[in-house]
*Asks:* 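Below you will find the structure I want to go over with you.
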2 protein chains.
Amino acid sequence: MEPDPYDRRCGSRQVLDRIGDRWSVLVVLTLADGTKRYGDLARRVDGISQKMLTQTLRGLERDGLVTREVHASVPPRVDYTLTALGRSLLDLVSGLEAWATTHLAEVEAARDRYDTRMSGH
Amino acid sequence: MEPDPYDRRCGSRQVLDRIGDRWSVLVVLTLADGTKRYGDLARRVDGISQKMLTQTLRGLERDGLVTREVHASVPPRVDYTLTALGRSLLDLVSGLEAWATTHLAEVEAARDRYDTRMSGH
DNA sequence: CGGGATCCTCATGGATACTG
DNA sequence: CAGTATCCATGAGGATCCCG
């Protein structure tokens, strides 16, 4: 049986869901330029809560996209790094980021048109 | 001020959110090979509810990614088509689909490893 | 056929407090 | 510092019924 993302029972759709997750994308992007500590990530990704950051990192770790390395020191230090698999996703994800920024104006213009068109009933 | 997807107040992040949406991705992919009717989409995208399909299509239309064309006929017929802007997203989105299917096995293997590793405390 | 309107339910996710 | 634990609000999203 071939993977079919349109089929909700297929694992490839679950993978798609993870990729699509807003926080996952932002965290992967933040890790693009190398290893980061937990606090670094928390500061960089604006608006993410501790809970969601931890949850997102666990998910990425579980899916083999990120490694988690705990250093036994005081104060504690935990490093997060993209795996090879995670880096293989980087082109795609940064492509999304690029699309979002370059087409932002067009999208906003379209929204304005739609909203005024609709407000006139 | 430059678009910054990491900033939650920035529009580019909202654009990123729409791209990342699971249903949006699947609907755009379904429209890749041309115009589709509402019912076609509902049948193709497994598990989507009427509500979410309509909502997703409205969102995509508002953002200028698809056009909605109503034919005054009985029975009614509504066609959805990707705009130029929507098609410009196609490479990226099909890239996501391809990544999900080709790396599915790796991700599932990673999950198994993680789960067994964690179950042993 | 292509929705709109409702109701209802969970899961997402924020805020806060606490800990090794 | 890097989490875990808990409580709580909100809204995403499903099910159902109805209508042009």
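Order of the sequence lines sets the chain letters (A, B, ...), proteins ahead of strands, with each chain counted from 1.
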*Asks:* Just how far, in rounded Å, is C1' of D:dT6 from NZ of A:Lys51?
*Replies:*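 Going from NZ in A:Lys51 over to C1' in D:dT6 covers 9 Å.
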
*Asks:* Side chain of B:Thr54 only, please: which of C:dG20, C:dG4, D:dG3 is the nearest?
*Replies:* C:dG4

*Asks:* Rounded to whole angstrom units, what separation is found between the CG atom of A:Leu26 and the P atom of C:dG13?
*Replies:* 12 Å

*Asks:* Is there a side-chain polar atom (N or O) of A:Arg37 under 4.0 Å from OP1 or OP2 of D:dC1?
*Replies:*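 No, A:Arg37 has no side-chain N/O under 4.0 Å of OP1/OP2 on D:dC1.
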
*Asks:* Rounded off to whole Å, could you give me the CG-to-C1' distance for the B:Asp17 and D:dG11 pair?
*Replies:*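 So the two atoms are 15 Å apart, to the nearest Å.
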
*Asks:* Looking across every strand, which nucleic acid part, if any, lies under 4.0 Å from B:Arg58 by heavy atom: base, sugar-phosphate, or nothing?
*Replies:*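 Answer is sugar-phosphate: B:Arg58 comes under 4.0 Å of backbone atoms only.
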
*Asks:* For A:Arg22 and C:dT12, give me the distance from atom CZ to atom P, rounded to whole Å.
*Replies:* 13 Å

*Asks:* Quick one: pull up CG in B:Leu16 and OG1 in A:Thr101 and give me the separation to the nearest 0.5 Å.
*Replies:*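 Interatomic distance, B:Leu16 CG to A:Thr101 OG1, rounded to 0.5 Å: 9.5 Å.
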
*Asks:* Can you tell me how far the CG atom of B:Asp112 sits from the CZ atom of A:Arg62, to the nearest 0.5 Å?
*Replies:*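 Nearest 0.5 Å value for the CG-CZ distance: 8.5 Å.
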
*Asks:* Report the distance from atom NE2 of A:His71 to atom P of D:dG3, rounded to the nearest whole Å.
*Replies:* 11 Å

*Asks:* From D:dA15, C:dC1, C:dG14, pick the nucleotide closest to the side chain of A:Met52?
*Replies:*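 Nucleotide nearest to A:Met52's side chain: C:dG14.
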
*Asks:* Closest approach to the side chain of B:Tyr38, judged atom by atom: which nucleotide of D:dG3, C:dG2, C:dG14 is it?
*Replies:* C:dG2

*Asks:* When you get a sec, tell me which of C:dG2, D:dG3, C:dG14 is the closest nucleotide to the side chain of A:Arg68?
*Replies:*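 Out of C:dG2, D:dG3, C:dG14, the nucleotide with an atom closest to A:Arg68's side chain is D:dG3.
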
*Asks:* Would a 4.5 Å heavy-atom cut-off, applied to side chains only, mark B:Arg22 and B:Val25 as touching?
*Replies:* no

*Asks:* From the set D:dC1, D:dG3, D:dG14, return the single nucleotide nearest to any side-chain atom of A:Pro75.
*Replies:* D:dC1

*Asks:* Side chain of A:Thr56, backbone of A:Trp23: donor and acceptor closer than 3.5 Å?
*Replies:* no

*Asks:* At under 4.0 Å between heavy atoms, what does A:Gln50 touch on the DNA or RNA strands: base, sugar-phosphate, or nothing?
*Replies:*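 Since a base atom lies under 4.0 Å of A:Gln50, the category is base.
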
*Asks:* Pick the nucleotide of DNA chain D nearest each of A:Val70 and B:Gln55; which residue has the one closer to the 5' end?
*Replies:* A:Val70

*Asks:* Going by side chain to side chain donor-acceptor pair (under 3.5 Å), A:Tyr80 matches just one of A:Arg37, A:Glu61, A:Arg68. Which one?
*Replies:*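 In the set A:Arg37, A:Glu61, A:Arg68, the residue that makes a side chain to side chain donor-acceptor pair (under 3.5 Å) with A:Tyr80 is A:Arg68.
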
